[in-house]
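See below for the structure under consideration.
Just so you know, ligand 1 is whichever comes first in the structure, and atom 1 is the first atom listed for that ligand.
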Amino acid sequence: MTARVAVLGGAGFLGSHLCDRLVARGDAVVCVDDFSTGRRANVAHLVGHPSFSLVEADVSRSLPVEGTLDAICHLASPASPPDYLARPLATLAVGSEGTRLGLELAEQCGARFLLASTSEVYGDPAVHPQPESYWGNVNPVGPRSVYDEAKRFAEALTLAHHRVRGTDVGVVRIFNTYGPRLRADDGRVVSNFLAQALRGEPLTVYGDGSQTRSLCYVEDEIGGLLAMLDAPVTGPVNIGNPDEHTVLELAREVIELTGSSSTIVHRPLPADDPVRRRPDITLARQLLGWEPTTPLAVGLARTAEALAAEQGPGGGPEEGAVHG
Ligand code: NAD
Ligand code: UDP
């Protein structure tokens, strides 16, 4: 059945891929974005499509969507640490007020509300891998708290709305995701390393690089979000890839894959940088029948191709060639 879905943050990295997949399956999409960390270019190919419309708005202040909706996917929020550290108050506002406005519109329309939460709700986890039952280890006043606590509040508000008002909600906890449309200057580890390797610059490993992350390719991640959107499941449910690597291993893999002459340099570890992170995806497998399938080397190669194409000819070693 065709649905009308609002994607808040739809011009961002994940949001734009979600818009693509919704339009491709026949849904009508209203993309709402203030372009603070996203790009018009991410959805330019959808503009003019009869099933796609674009609304420019800061969803912390207003949600000017006309007509009824079947679902609202709330992905609006800075997500890269440098982005949210540069916008601390806006990050708290979109997690709190933005979530409240989204929930109220969902209630009015009788729509399902999907909250894009994050593995950051686990903070620097004392339990490994992280199941949804783990309550987390977050510094409530550190620099990262503007993001972590905004998302924890957003989860609390979403579940309270569900309990008190009966709003149909789903909460996904997204783990580190990468792929085409990450901005080269986004500041996250995959885009930084690939952009640096393609330019032949040193890869900046923060700390000694022994901290771990588990990286999920965007196509897989969006499959998980859609499965949650369509399922009668409240969650929270972890959506991520349990394939765990140290940051140093990732740097070496990127250098090999791009055939870059780049070296590795070490830079200070950001405050409260989680030491390790890996999703337990038992619930996603059981409740949604979902699991990721794209190997890291394949996803990295596709992401490198996309970044190289954006950087243009001569933007990287051997004209941006990618091996693997
Ligand atoms: P992104 O920065 O590329 O996209 C976020 C989008 O939201 C951008 O287009 C931005 O302009 C928009 N936005 C921000 N504040 C807004 C506001 N007040 N009003 C309207 N639009 C606003 O980041 P992303 O990686 O695509 O992340 C999307 C969502 O997924 C975020 O909520 C993020 O917290 C969550 N998430 C992402 C990851 C990941 O690895 N990519 C991991 C965990 C959680
Ligand atoms: N990181 C790094 N070099 C970079 C960017 C990030 O070593 O140029 C590290 C960062 O310190 C963290 C990991 O890579 O340990 C993932 O960082 P990212 O910002 O992508 O996401 P996070 O999981 O911290 O939100």
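Remark: minimum distance from atom 4 (O) of ligand 1 to any protein heavy atom is reached at G12 CA, 3.4 Å. The protein heavy-atom contact nearest to atom 32 (O) of ligand 1 is K151 NZ, 2.8 Å. Taking atom 40 (O) of ligand 1 as the reference point, the nearest protein heavy-atom neighbour is T177 N, 2.8 Å. At the shortest separation from atom 1 (P) of ligand 1 among protein heavy atoms lies T37 OG1, 3.8 Å. The nearest heavy-atom contact from the protein to atom 42 (C) of ligand 1 is I174 CG2, 3.4 Å. For atom 3 (O) of ligand 1, the closest non-hydrogen atom on the protein side is F13 N, 2.8 Å. If you check which protein heavy atom lies closest to atom 26 (O) of ligand 1, you get L14 N, 2.7 Å. Protein heavy atom at the shortest distance from atom 22 (C) of ligand 1 is D34 OD1, 3.0 Å.
Between H162 and V169, the shortest heavy-atom contact is CB-CG2, 3.6 Å. Of all heavy-atom pairs between V29 and C19, the closest is CG1-SG, 3.8 Å. Closest of all the heavy-atom pairs between W135 and R152 is O-NH1, 3.0 Å. Across all non-hydrogen atoms, the minimal contact from L287 to V237 is CD1-CG2, 4.4 Å. Across every non-hydrogen atom of S77 and K151, the tightest pair is CB-NZ, 3.8 Å. Nearest heavy-atom pair, T246 versus S210, reported as atom, atom and distance to 0.1 Å: CG2-O, 3.8 Å.
Below 3.5 Å of separation, one finds no N or O of D83 facing any N or O of ligand 1. Residue V32 has no N or O atom closer than 3.5 Å to an N or O atom of ligand 1. Looking at ligand 1, you won't find any N or O of S117 less than 3.5 Å from one of its N or O atoms. Residue D33 places at least one N or O, backbone or side chain, under 3.5 Å from an N or O of ligand 1. In terms of polar-atom proximity, defined here as any N/O pair under 3.5 Å, V59 does make such a contact with ligand 1. In terms of polar-atom proximity, L75 is counted as a contact of ligand 1, with an N or O under 3.5 Å from an N or O of the ligand. Polar contact check, R39 against ligand 1: no nitrogen or oxygen pair lies under 3.5 Å apart. For R183, no nitrogen or oxygen atom sits less than 3.5 Å from a nitrogen or oxygen atom of ligand 1, counting backbone and side chain alike. The shortest N/O to N/O separation between P78 and ligand 1 does not fall below 3.5 Å.
Counting only residues at least two apart or in different chains, side-chain hydrogen bond (donor to acceptor under 3.5 Å, both in side chains) contacts with residues 47-56 comprise R40-E56. Sorted by first and then second residue, the salt bridge (Lys or Arg N to Asp or Glu O under 4.0 Å) pairs with a member in residues 125-136 form an empty list; sequence neighbours excluded.
Side-chain contact, Y122 with N238: a donor N or O sits under 3.5 Å from an acceptor N or O. At a cut-off of 3.5 Å, with distance as the only test, no side-chain donor of R173 or S119 sits close to an acceptor on the other residue. Judged purely by distance below 3.5 Å, without hydrogens or angles, the side chains of N241 and S214 never pair a donor atom with an acceptor atom. No donor-acceptor contact under 3.5 angstrom links the side chains of N42 and H17, judged on distance only. In summary, the side chains of E155 and S117 do present a donor paired with an acceptor at a separation below 3.5 Å, with no hydrogens or angles considered. For the 3.5 Å distance criterion, the side chains of H74 and T99 qualify, holding a donor opposite an acceptor. In this structure, a donor-acceptor pair under 3.5 Å is absent between the side chains of N139 and R144.
Contact check for R21 versus E219: side-chain heavy atoms found under the 4.5 Å cut-off. In this structure the side chain of T282 never reaches within 4.5 angstrom of the side chain of P131, judged on heavy atoms.
For the pair R173 and ligand 1, no heavy-atom separation below 4.0 Å is found. Look at S60 and you'll find a heavy atom under 4.0 Å from some atom of ligand 1. For the ligand labelled ligand 1, residue A57 lies inside the 4.0 Å heavy-atom shell. Put simply, part of R188 is less than 4.0 Å from ligand 1, judged by heavy atoms. Ligand 1 lies within reach of Y147, whose nearest heavy atom is under 4.0 Å from it.
Close approach of ligand 1 to F35 (heavy-atom distance below 4.0 Å) involves ligand atoms 11 (O). Atoms of ligand 1 lying under 4.0 Å from any heavy atom of G38, numbered from 1 in the order shown and given with element: 8 (C), 9 (O), 10 (C), 11 (O). Close approach of ligand 1 to N176 (heavy-atom distance below 4.0 Å) involves ligand atoms 40 (O). Listed by number with element, the atoms of ligand 1 under 4.0 angstrom from any heavy atom of D58 are 17 (C), 18 (N), 19 (N). Applying the 4.0 Å criterion to heavy atoms of A11 picks out, from ligand 1, the atoms 9 (O).
In terms of modelled atom types and a separation under 3.5 Å, the side chain of T177 and the main chain of F175 share a donor-acceptor contact.
Neither the backbone nor the side chain of H74 comes within 4.0 Å of ligand 1, counting heavy atoms alone. Under 4.0 Å from ligand 1, the heavy atoms of V94 that appear belong solely to its side chain.
For atom 7 (O) of ligand 1, the nearest non-hydrogen atom from the set G95, A79, G9 comes from G9.
Salt bridge annotation for D83-R87: present, with a cationic side-chain nitrogen under 4.0 angstrom from a carboxylate oxygen. Under the 4.0 Å criterion applied to side-chain N and carboxylate O atoms, R39 and E310 are assigned as salt-bridge partners.
Judged as a salt bridge (charged side-chain N to carboxylate O under 4.0 Å, His left out), and not counting sequence neighbours, E221 has no contacts.
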Pairs of nitrogen or oxygen atoms, one from ligand 2 and one from the protein, closer than 3.5 Å: please tabulate them with distances.
residue: ligand 2; atom: 3 (N); partner: T204; partner atom: O; Å: 2.6
residue: ligand 2; atom: 7 (O); partner: Y206; partner atom: N; Å: 2.8
residue: ligand 2; atom: 8 (O); partner: N192; partner atom: ND2; Å: 2.8
residue: ligand 2; atom: 8 (O); partner: T204; partner atom: O; Å: 3.2
residue: ligand 2; atom: 8 (O); partner: T204; partner atom: OG1; Å: 3.0
residue: ligand 2; atom: 8 (O); partner: Y206; partner atom: OH; Å: 3.4
residue: ligand 2; atom: 11 (O); partner: D273; partner atom: OD2; Å: 2.7
residue: ligand 2; atom: 15 (O); partner: Q211; partner atom: NE2; Å: 3.0
residue: ligand 2; atom: 15 (O); partner: R213; partner atom: NH2; Å: 3.3
residue: ligand 2; atom: 15 (O); partner: D273; partner atom: OD1; Å: 2.6
residue: ligand 2; atom: 15 (O); partner: D273; partner atom: OD2; Å: 3.4
residue: ligand 2; atom: 20 (O); partner: V189; partner atom: N; Å: 2.8
residue: ligand 2; atom: 21 (O); partner: N176; partner atom: ND2; Å: 3.4
residue: ligand 2; atom: 23 (O); partner: N176; partner atom: ND2; Å: 2.8
residue: ligand 2; atom: 23 (O); partner: R213; partner atom: NE; Å: 2.6
residue: ligand 2; atom: 23 (O); partner: R277; partner atom: NH1; Å: 2.7
residue: ligand 2; atom: 24 (O); partner: R144; partner atom: NH2; Å: 3.0
residue: ligand 2; atom: 24 (O); partner: R213; partner atom: NH2; Å: 3.3
residue: ligand 2; atom: 25 (O); partner: R144; partner atom: NH2; Å: 3.3

